[in-house]
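Reviewing the structure listed below.
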Amino acid sequence: MNFQKLFILFVIPCFLFSSCNTVELDICTESCFIESGISSWYGHDYPERCTANGETYNPQKYTAAHKTLPFNTIVRVDNLDNGKSVTVRINDRGPFVEGRVIDLSKKAADDLDILTVGLADVEIYLVKESENPEPDYNQSCLDI
């Protein structure tokens with residue numbers, strides 16, 4: 001088989017299927033790696049504001065913001081700086097700062113010991129795929 005045929009049969013399809021901007025979750029059967037990067041936390045200015053999935057933000061719950069993961073996906077976030085881990089549910093969109101991969105609630109950030117530092121190198125692992133990824137707007141968010 002010559003190089004051109006090999007390129008057409010294997011390289012082009014791999015490029016096309018790997019260029020998607022969404023995270024593929026349906027192949028994971030256990031906790032599997034999603035991505036690594038910098039985590040931050042948010043919440044000092046957000047109590048009782050609406051999250052992107054329609055919930056009222058609660059800084060004392062284990063939640064997080066991610067750019068592409070479906071709402072209600074459960075992930076484990078491992079702090080590579082100190083070995084601590086926390087499990088959170090995706091209920092918001094973000095972070096909107098270049099280079100960051102996840103924004104954690106204040107409670108989750110506290111458990112990872114990043115409240116004072118503000119940032120940490122993390123790895124994110126899928127724990128459970130979302131069974132209901134659609135926003136579920138509660139009445140308090142609709143009244144705003």
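We use all heavy atoms of the structure for the numbers below, so side chains are in, but hydrogens, waters and symmetry mates are not. Since we're looking at a predicted model, the values are computed, not measured. Here, residue 1 is the first one in the sequence, and each next residue gets the next number.
Nearest heavy-atom pair across H66 and V101 is CD2-O, 3.2 Å. Minimum interatomic distance between S39 and I114 (heavy atoms only, all atoms of both residues): OG-CD1, 4.2 Å. What you find for Y42 and Y57 is that their closest heavy atoms are O-OH, 2.8 Å.
The closest donor-acceptor contact from the side chain of T51 to the backbone of N91 lies under 3.5 Å. Side-chain atoms of D92 come within 3.5 Å of backbone N or O of A52 as a donor-acceptor pair.
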- Message: As a quick check of understanding, evaluate side chain to side chain contact (heavy atoms under 4.5 Å, CB included) for L80 and V122, giving each step before the final call.
- Response: CA-CA 5 Å; L80 300 178; V122 298; 5.6 Å; no
- Apply the test side chain to side chain contact (heavy atoms under 4.5 Å, CB included) to residues T68 and R93: give CA-CA distance (whole Å), side-chain angles for both, the deciding distance (0.1 Å), then the verdict. CA-CA 8 Å; T68 59; R93 290 294 174 230; 5.9 Å; no
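Once rounded to the nearest 0.5 Å, the distance linking CG of N58 with NZ of K107 reads 10.5 Å.
For the side chain to side chain contact (heavy atoms under 4.5 Å, CB included) with I90, the lone residue among I74, T63, I102 that qualifies is I102.
Considering only residues two or more places apart in sequence or on other chains, K67 meets the side-chain hydrogen bond (donor to acceptor under 3.5 Å, both in side chains) condition with none of them. For E131, the side-chain hydrogen bond (donor to acceptor under 3.5 Å, both in side chains) criterion is met by K128, not counting sequence neighbours.
With contacts defined as side-chain heavy-atom distances shorter than 4.5 Å, the pair W41/P59 does not qualify. Residues S36 and E123 have side chains in contact (heavy-atom distance under 4.5 Å, counting atoms from C-beta outward). Proximity of D110 to K106: side-chain heavy atoms (C-beta onward) are nowhere separated by under 4.5 Å. Residues S40 and L104 are not in side-chain contact: their nearest non-hydrogen atoms beyond the backbone lie 4.5 Å or more apart. Under the 4.5 Å side-chain criterion, counting only non-hydrogen atoms from C-beta, Y62 is in contact with D111.
A cation-pi contact, defined as under 6.0 Å to the ring centre and within 45° of the axis, is absent between R89 and F71.
Ion pairing between E55 and R49 fails under the 4.0 Å rule for side-chain N and carboxylate O.
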Extract all donor-acceptor atom pairs below 3.5 Å that involve side chains of residues 81-88 and protein atoms in other chains or at least two apart in sequence.
{"unit_1": "D81", "atom_1": "OD2", "unit_2": "D121", "atom_2": "N", "d": "3.4"}
{"unit_1": "N82", "atom_1": "OD1", "unit_2": "N79", "atom_2": "ND2", "d": "3.3"}
{"unit_1": "N82", "atom_1": "OD1", "unit_2": "K84", "atom_2": "N", "d": "2.9"}
{"unit_1": "N82", "atom_1": "ND2", "unit_2": "L112", "atom_2": "O", "d": "3.0"}
{"unit_1": "K84", "atom_1": "NZ", "unit_2": "D113", "atom_2": "OD2", "d": "2.5"}
{"unit_1": "S85", "atom_1": "OG", "unit_2": "D78", "atom_2": "OD1", "d": "2.6"}

